[in-house]
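The structure appears below as structure tokens.
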Amino acid sequence: MQPPGRTDTGTVVIATLLLILGAAALWESREFSALGSIFPRTIGIVLLIACMITLWRTLRGRTRPSRGLFPDGWVRGVLLMAVMSLWIALLEPVGFVVAGVVAYVLLALITEREPMTLWRFLRFVLVAAAFVIAFQVIFVHGLNVQLPTGTLFVSRA
Amino acid sequence: MDLLAYALAALSVGNLALALIGVIAGTVIGAMPGLTATMAVAVLVPFTFTMEPAPALILLGAIYTGAIYGGAYSAVLLNTPGTPSAIATTFDGYPMAKRGDGDLAITLACLASVFGGLVGAICLLLLAPPLAEVALAFGPVEYFWLAILGLTLVAALSEGDAWKGIVGACVGLLLSMIGSAIVGGDIRYTLDTQFLLGGIGVVPALIGLFCIPVLIDLVTSREEHLQIEGKVAGFRLGEAMRIALRNKVNLVRSSGIGTLIGMLPGAGGSIAALVAYSEARRSAKDPDSFGKGNPAGVIASESSNNATVGGGFIPTLVLGIPGTPADAVVLGALLVQGIKIGPALFTEQSSIAYTFIIGLIVATVLMLPVGLVLGRYAYGSIIAVPKALLVPAIAFLTIIGSYAIQNNVDDVIVMFGIGVIGWVLNCYGFSPAPIVLGLILGPLAEQGFVQAWMIGSATDNLLGMYFGRPISLAIIAVATLTLLYPTLSRRYQERKARRAAARTH
């Protein structure tokens with residue numbers, strides 16, 4: 001239960017957003033056929049009710065306090081999400097190997113809490129290259145999965 | 001005596017070697033998030049085309065059973081199910097690993113998988129034709145109630161707030177409706193984009209929901225990945241055997257559930273594991289300890305998902321209806337081999353059928369030493385790798401695993417997007433497990449519900465359709481019991497305590 005006088009604002013915001021999602025799902029279901037709308041309507045209504053009850057319980061302080069975003073600091077978490085987004089965006093343009101090695105090293109640097117030395121950095125690069133290339137070989141030659149080779153460096157005739 | 005001859009054929013050096021190779025390959029592939037058991041079988045099917053039918057089937061069966069077990073490794077050590085069948089293994093396996101019992105969880109998963117796999121395979125050997133009839137008795141409405149039974153697990157997975165669990169399950173159910181409707185073909189919730197037309201894949205969503213929150217927590221937290229006190233204790237086989245023996249009823253019940261659900265076309269290992277987990281929790285004396293590292297949860301999940309291997313082969317071999325997606329791939333391989341599927345398989349081509357089934361039993365037994373050794377190696381590796389190298393490795397596996405599903409970056413985007421949303425929701429008490437539950441059970445529930453609605457409306461017997469069939473009533477009874485049992489049991493204990501207190505005064 002929450003301490004008296006404190007409202008879990010984050011939970012209220014999330015529950016409100018999900019309430020809007022439920023309402024939008026219900027609104028959208030007007031355009032479906034009779035068969036296709038039975039289930040979305042049922043689930044939309046249940047979501048609305050469950051969100052309203054969650055909101056009411058949170059505002060009355062009857063829910064356990066949530067831990068919130070980034071209780072241990074936000075910088076590394078945000079950097080991780082940024083690097084992963086960049087990794088996904090670069091998969092096709094620069095290819096699986098280049099994107100993989102660069103992202104691997106960046107994520108290792110973000111996670112590492114000890115002071116950075118040249119040897120440590122070189123170790124990250126070597127491990128990243130070995131790991132990514134090993135998986136490239138296994139997936140492409142062993143499992144027949146075609147990984148992106150990169151379009152940026154391909155010369156256009 | 002025929003069975004003895006088939007057993008001798010299955011135990012030939014060549015077949016034993018194939019079973020061993022299959023189990024190792026399957027376990028390794030299954031351990032990688034994103035690479036499902038179906039994919040493991042599909043990738044290796046072409047290698048069997050030039051082989052004799054029985055050895056080919058033994059190899060495929062061994063790969064399949066190994067992959068289902070392999071999913072437990074990443075479920076326990078990384079909180080990411082290697083295959084969808086291992087979802088329920090994460091609930092207690094990862095908390096066990098976090099408190100330093102990862103080796104015990106892996107060994108328990110191995111023992112439970114072998115036991116469940118043997119139960120499924122023995123049912124296939126002895127009871128295939130009559131059990132196939134049971135599978136045919138399941139109509140749309142029974143599937144609907146089965147999905148509802150699975151959804152009752154939401155109460156257990158919502159970490160102390162059932163309403164937040166229901167919200168999460170509804171979000172998962174809505175996600176499962178994106179794309180083309182199963183019945184009617186409506187295009188729903190695609191925001192007029194091509195991207196969402198194919199719907200949200202279960203595997204990328206699963207990887208994202210379970211893995212991205214772990215990654216973010218790992219980089220932001222100063223703590224090490226897994227708690228280890230002293231040296232790694234080894235297999236902890238004796239301890240695991242004692243726990244498994246204490247959970248013998250759970251083992252037998254979960255294996256039975258796995259075999260039965262494996263027989264139902266379209267249901268599969270993930271639903272079997274969720275239902276078995278739900279039942280294990282309901283019947284436990286300490287249901288509140290589930291989700292916090294109770295070994296009984298790992299036993300229920302792993303025994304039931306491996307039992308679906310043998311169970312799924314029952315309708316595949318007897319009726320030609322695949323019980324699970326991996327069975328569909330094996331069915332294709334059987335047709336390529338020129339094997340006639342149906343009851344006649346067990347009479348006219350009995351040598352192939354029985355050699356395969358006994359080969360499957362042998363492969364399941366081989367999983368014990370292979371699983372223990374590989375499990376110890378996997379656990380040792382995860383502990384030895386520094387966090388700075390582990391985090392990018394897990395991130396890499398999420399990317400390659402979701403890309404490999406369809407060789408498509410869209411799946412990677414879905415994985416990451418849903419993962420970040422799941423992490424935000426998790427931070428505010430909306431646990432990702434009910435979302436996954438809704439996503440997996442949504443199509444099964446909707447298809448069953450709408451088809452039953454159509455049949456009920458056409459026969460002017462809507463109520464009778466939903467509530468008048470014996471199997472449906474049995475499932476409804478179990479679902480009701482699952483929901484109400486914890487409350488009723490608590491009230492009974494409270495009343496008993498009050499009476500005892502009144503007597504002493």
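Throughout, a chain's letter reflects where its sequence line sits, starting with A, and its residues are numbered from 1. Since this is a predicted model, take the numbers as computed values, not measurements.
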Gap separating the [atom1] atom of [X] from the [atom2] atom of [Y], nearest 0.5 angstrom:
| X | Y | atom1 | atom2 | result |
| --- | --- | --- | --- | --- |
| B:I413 | A:L91 | CD1 | CG | 9.0 Å |
| B:Y428 | A:L17 | OH | CG | 11.0 Å |
| A:I53 | B:K164 | CD1 | NZ | 14.0 Å |
| A:L107 | B:I394 | CG | CD1 | 11.0 Å |
| B:F416 | A:M81 | CZ | CE | 7.0 Å |
| B:S221 | A:R76 | OG | CZ | 10.5 Å |

Residue pair [X] / [Y], side-chain heavy-atom distance below 4.5 Å:
| X | Y | value |
| --- | --- | --- |
| B:Y403 | A:P148 | yes |
| B:V391 | A:L80 | yes |
| B:M177 | A:I43 | yes |

Between [options], the one whose heavy-atom pairs under 4.5 Å with chain A are most numerous:
| options | result |
| --- | --- |
| B:C427, B:G438, B:A388, B:G442 | B:C427 |
| B:V171, B:D217, B:T220 | B:T220 |
| B:I399, B:V183, B:I216 | B:I399 |

Inset, instruction - Report the C-alpha separation of B:L389 and A:T111 in whole Å, then their side-chain angles, then the decisive distance to 0.1 Å, and conclude whether the side chain to side chain contact (heavy atoms under 4.5 Å, CB included) test is met. - result: CA-CA 8 Å; B:L389 294 176; A:T111 313; over 6 Å; no

Side chain, backbone, both or neither: which part of [X] has a non-hydrogen atom closer than 4.5 Å to chain B?
| X | value |
| --- | --- |
| A:R123 | side chain |
| A:W74 | neither |
| A:L147 | both |
| A:S85 | both |
| A:L69 | both |
| A:V132 | both |
| A:I88 | both |

Whether the side chain of [X] engages the backbone of [Y] through a donor-acceptor N/O pair (distance < 3.5 Å, no angle test) should be reported.
| X | Y | answer |
| --- | --- | --- |
| B:R188 | A:G36 | yes |
| B:D186 | A:S33 | yes |
| B:Y189 | A:A25 | yes |

Heavy-atom pairs under 4.5 Å with chain B - which of [options] has more of them than the others?
| options | value |
| --- | --- |
| A:R120, A:E31, A:R113, A:E114 | A:R113 |
| A:L47, A:L48, A:I138 | A:L47 |
| A:A50, A:A34, A:G22 | A:A50 |
| A:C51, A:G10, A:A89, A:A128 | A:G10 |
| A:F96, A:F139, A:F131 | A:F139 |

Legend entry - Nearest heavy atoms of A:A108 and B:P392, plus distance in Å: N-CG, 3.8 Å

Inset, instruction - Indicate the atoms forming the closest heavy-atom contact of A:T11 with B:F430, along with that distance. - result: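 Smallest heavy-atom distance, with atoms named: CG2-CE1, 4.3 Å.
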
Legend entry - Candidate pair B:L397 and A:F135, rule side chain to side chain contact (heavy atoms under 4.5 Å, CB included), full reasoning: CA-CA 9 Å; B:L397 287 175; A:F135 269 88; 3.7 Å; yes

Legend entry - Enclosure of B:W453 CH2 (heavy-atom neighbours >12, cutoff 6.0 Å): no

Quick check on [X] against chain A: is it the side chain, the backbone, both or neither that has a heavy atom closer than 4.5 Å?
| X | answer |
| --- | --- |
| B:I182 | neither |
| B:A393 | both |
| B:V167 | both |

Inset, instruction - Determine, stepwise, if the pair A:V46 / B:L173 fulfils side chain to side chain contact (heavy atoms under 4.5 Å, CB included). - result: CA-CA 11 Å; A:V46 176; B:L173 287 164; over 6 Å; no

Inset, instruction - Measure up the A:F39 and B:F449 rings against each other and bin them: parallel (under 30°), tilted (30 to 60°), perpendicular (over 60°). - result: tilted

Inset, instruction - Evaluate the criterion side chain to side chain contact (heavy atoms under 4.5 Å, CB included) for residue pair A:M84 and B:T398; output intermediate values, then yes/no. - result: CA-CA 10 Å; A:M84 284 197 75; B:T398 65; 3.8 Å; yes

Inset, instruction - Give a yes or no on whether the ring-centroid distance for A:Y104 and B:F396 is below 6.0 angstrom. - result: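 Ring centroids of A:Y104 and B:F396 are no less than 6.0 Å from each other.
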
